[in-house]
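Taking it in order: structure first as structure tokens, then the write-up.
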Amino acid sequence: MRIKLTSISLLAALSLLLSGCAHKSEMDKYIDVLMSKMTVEQKIGQLNLHSAAGFVSALRVTENDENVKLLRKGELGGIYGTGNVEAMIEYQKIALESGAGIPLIFGMDVIHGYETTFPIPLGISTSWNLELIEKSARIAAREASSCGINWVFSPMVDICRDARWGRIAEGNGEDPYLGGEIAKAMVYGYQGRDGEYASDEVMTCVKHYALYGGAESGRDYNSVFLSRQEALNGYMRPYAEAAKAGAGSYMSSFNEFEGIPSSANKYLLTDLLRDTYGFDGFVVSDATAVVEMVAHGLGDLQEVSALAIQAGLDMDMNSDGFVGTLRKSLDEGRVSEADIDRACRRILEAKYKLGLFEDPFKYLDPSRKATQTWTDENRAFAREFARECQVLLKNDNAILPLDRNAKVAVIGPFADSKSEMAGTWATSSHNNEFVSIYEGIAEASNGKVSKAEGSWIFNDKELEESIKYGLMKIFAPNMSFPTLHGTSKTVLMAEAVAKAAASDVIIACVGELNNMSGEGASRTDLGIPDAQKELLMALKKTGKPIVLVLTTGRPLELTWESENMDAILVTWAAGAEAGHAIADVIYGEVSPSGKLTTSFPRSVGQEPLYYNHKNTGRPHPDYEPYKKFTSCYTDELNGPLYPFGFGLSYSSFEYGPVSLSQDEMSPDSEVIASVNVKNTGNYEAKETVQLYIHDVYSTSTRPVKELRGFEKISLKPGESRTVEFRINAETLSYFNHELEWVCEEGDYEIMIGPDSERLQKRTLAVK
């Protein structure tokens, strides 16, 4: 049926159209014109992302000729995996001369610093210092952008409750509230807070969306089995907070959720991310995640590509599914041109926001790298930051801080290793300039300092070689590698024991190699590897006090170590200035202030292990022995060896009683919870004061406690401070069974303390 417009209605329609145009942003107008000139093939080309030549991504290595060929055809929207500005300039020139002449976006895995490496993200989270976390991302953005990168695959905000999962090293621990605060800080650090992109600010790519950290049995790439309610309450908050902070892009994860892989999951990509969280950027798949949906059993490459773009995925990383099949799917009616236009527009909007249409070479200034990376200022910050990321778990008889005049033996395979201080996903070209633990101790000590390697990593040579060199052999299959176990274990051990016996104190440097955590590095054994454990046992027999300095990418099972070491300092992989920062703590230049963001198990059999668990109908106290017909183990306690939020100081802190400004509140009012904290020790020190809540009765079950606030304070000896937390409906709310965000009436326990176990509480009634 056709409707004839009268002159009046025609004028009205024209007026409405012009009004609509007037209200369009300059970006919308620009992209409207650009897309009107693009062919379907050129639009699809914008949805294709490739790795740079030689960069290993999900076992795929792209050749330079392949990328150039795609560029000349206008079939690449971006390239990732290189910081070679000269090569990027050439790529950009080809892109501008080909197809629709649209500039490329250049991405990179910038996870915890770039040329200046900071502690791994899990270590960063234990600082509980949002100001320093934001600054670390700011420095990483400045360094990365000086190398031509304008898009970083960070922050990784997956909540993980299972230490067996290797990628726990890349995230912020087990708590969604803390994870959300860190996610915002990282986004602000990378992108800035004003919504504009200066030439030293980069676009974030929040990953891995979504629920990747909930992989069954801690096995990487595995399935996730969660209810929507548990997902929303226990895992999704960091993704939502990153969107609120203005994150420019997200990366879909490898796992499935509710039977649908994330890269084709409309509930995750559209219903939640866009319609609920208000995200308006673009979503890229993780490397080859689109083609991997064939193995999931959803169809061939054409089918899964169609499913992905219809669900809300905008860019395909290294699968060539979009560029290879969408034209055919369009011709067959399996996708619409609107699907393609929607995705293309989102990619173009990102490039517009970055300023690439105004200046395609905005980030490609070869002169910047020399003055903006690996600077003295950045290294000084790396040292400052790494100081706050160390967690002191044990300190019997106040063995730490050490006397600078003491004779020290620095022993272990991590004692004088520079590169192993980098951690997983570190891309610095300065690894050989990192400061080892031995170097830091030797520089800070006034006494005699000796060193010894002491042991292999594993007794199994093939296992150690596979872990240490496995990824490198993929990068450079024809490269030769140093022979492992070239010196016998007996000789290594004898040297270590002799030097330990001649010392006043032993600093035992053991733990995990960089490749023992991170992607594809799941473990079923969470103990210190066998060869290193034997070394610790031999050192114990010397009778000398032992300070265990633990390099690790995950929580480890430390039951024997907790009983036999005099002090335990978890330093994670502490980055470029590891040795200096560790020495600063060991010799008391600063008091350790890190607090755990993951629970350390007594046994791997407890995993997944997390503080914010729910009760059962037959609850059992965490630290009481077995009792039949209760929810417990026959051979192990329920509670962790070291709980979430735990960390010792060289000083001591006294917490006064929790005070509430009033004992009742309505859902639209506010209450102030406060506590007085006093430094009762002899050292100036920092303390992270933590606020938890518990809904006593609710319409759906809730955890036994939930973190809802924290503040890190610094106190001089004898100094005290009152710390206040504002409590309102938002503080107490959760997603109920109907998935509504609600604050329910009833009693709430308001708990404040130094960690998730040592808490004082008051009851607040909501009416």
Side-chain angles (χ1 to χ4, degrees), residues 122 158-169 171 173-175 212-226 230 234-235 391 393-394 458-460 463 467 510-512 516-517 520-534 536-537 548 550 552-565 568 570 596-646 703-705 755-757:
L122 184 59
D158 302 325
I159 296 301
C160 181
R161 299 169 168 180
D162 194 330
R164 294 174 294 180
W165 192 52
R167 304 197 81 164
I168 194 171
E174 67 193 40
D175 182 75
Y212 188 31
E216 187 179 34
S217 72
R219 183 157 51 88
D220 210 355
Y221 318 117
N222 208 1
S223 300
V224 171
F225 299 104
L226 291 167
E230 182 57 26
Y235 290 82
V391 185
L393 298 182
K394 183 181 180 184
F458 292 96
N459 286 327
D460 185 331
L463 174 61
I467 291 174
V510 299
E512 292 189 312
M516 288 175 69
S517 62
S522 299
R523 295 183 64 190
T524 61
D525 180 356
L526 294 180
I528 290 174
D530 50 8
Q532 299 177 72
K533 191 71 161 272
E534 292 170 7
L536 292 179
M537 291 177 173
L548 173 60
L550 185 63
T552 180
R554 53 160 56 84
L556 295 180
E557 182 268 293
L558 302 174
T559 305
W560 182 88
E561 290 78 6
S562 183
E563 294 172 352
N564 290 279
M565 301 292 100
I568 301 176
V570 180
L596 295 179
T597 55
T598 49
S599 304
F600 272 49
R602 297 172 180 274
S603 165
V604 69
Q606 294 176 295
E607 296 294 338
L609 181 67
Y610 48 101
Y611 87 92
N612 50 347
H613 62 83
K614 293 183 178 181
N615 244 331
T616 72
R618 295 184 177 184
H620 185 88
D622 280 351
Y623 299 99
E624 291 187 11
Y626 168 71
K627 183 178 180 182
K628 199 167 181 66
F629 303 124
T630 62
S631 183
C632 63
Y633 303 103
T634 60
D635 57 351
E636 187 57 89
L637 300 179
N638 282 359
L641 182 64
Y642 297 107
F644 176 88
F646 178 80
V704 294
K705 62 192 74 163
D755 56 58
S756 62
E757 295 288 349

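This one's a predicted model, so the numbers in the text were calculated from it and none came from an experiment.
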Q: Show your reasoning for whether side chain to side chain contact (heavy atoms under 4.5 Å, CB included) applies to Asp525 and Asp530.
A: CA-CA 10 Å; Asp525 180 356; Asp530 50 8; over 6 Å; no

Q. Considering residues at least two apart in sequence or located in another chain, which fulfil the salt bridge (charged side-chain N to carboxylate O under 4.0 Å, His left out) criterion with Arg523?
A. Glu512

Q.
Pair Glu230, Phe225 - check side chain to side chain contact (heavy atoms under 4.5 Å, CB included), show working.
A. CA-CA 10 Å; Glu230 182 57 26; Phe225 299 104; over 6 Å; no

How far does [atom1] of [X] sit from [atom2] of [Y], to the nearest 0.5 angstrom?
| X | Y | atom1 | atom2 | result |
| --- | --- | --- | --- | --- |
| Thr630 | Asn638 | OG1 | CG | 7.5 Å |
| Arg602 | Tyr623 | CZ | OH | 6.0 Å |
| Ser631 | His613 | OG | NE2 | 9.0 Å |
| Ser599 | Tyr610 | OG | OH | 10.5 Å |

Q.
Looking only at the side chains, is there a donor atom on one of Asp175 and Tyr611 sitting less than 3.5 Å from an acceptor on the other?
A. yes

Q) Do Asp220 and Tyr212 have side-chain atoms, one donor and one acceptor, less than 3.5 Å apart? A)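 There is such a pair between these side chains.
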
Q) Would Leu536 and Met565 satisfy side chain to side chain contact (heavy atoms under 4.5 Å, CB included), going step by step from the backbone distance to the final call? A) CA-CA 9 Å; Leu536 292 179; Met565 301 292 100; 4.3 Å; yes

Q: For Leu526 and Glu607, run side chain to side chain contact (heavy atoms under 4.5 Å, CB included): C-alpha distance rounded to whole Å, both residues' side-chain angles, the deciding distance at 0.1 Å, then the answer.
A: CA-CA 10 Å; Leu526 294 180; Glu607 296 294 338; 3.9 Å; yes

Q) Within a radius of less than 6.0 Å around CZ of Phe629, do more than 12 heavy atoms belonging to other residues, nucleotides or ligands occur? A) no

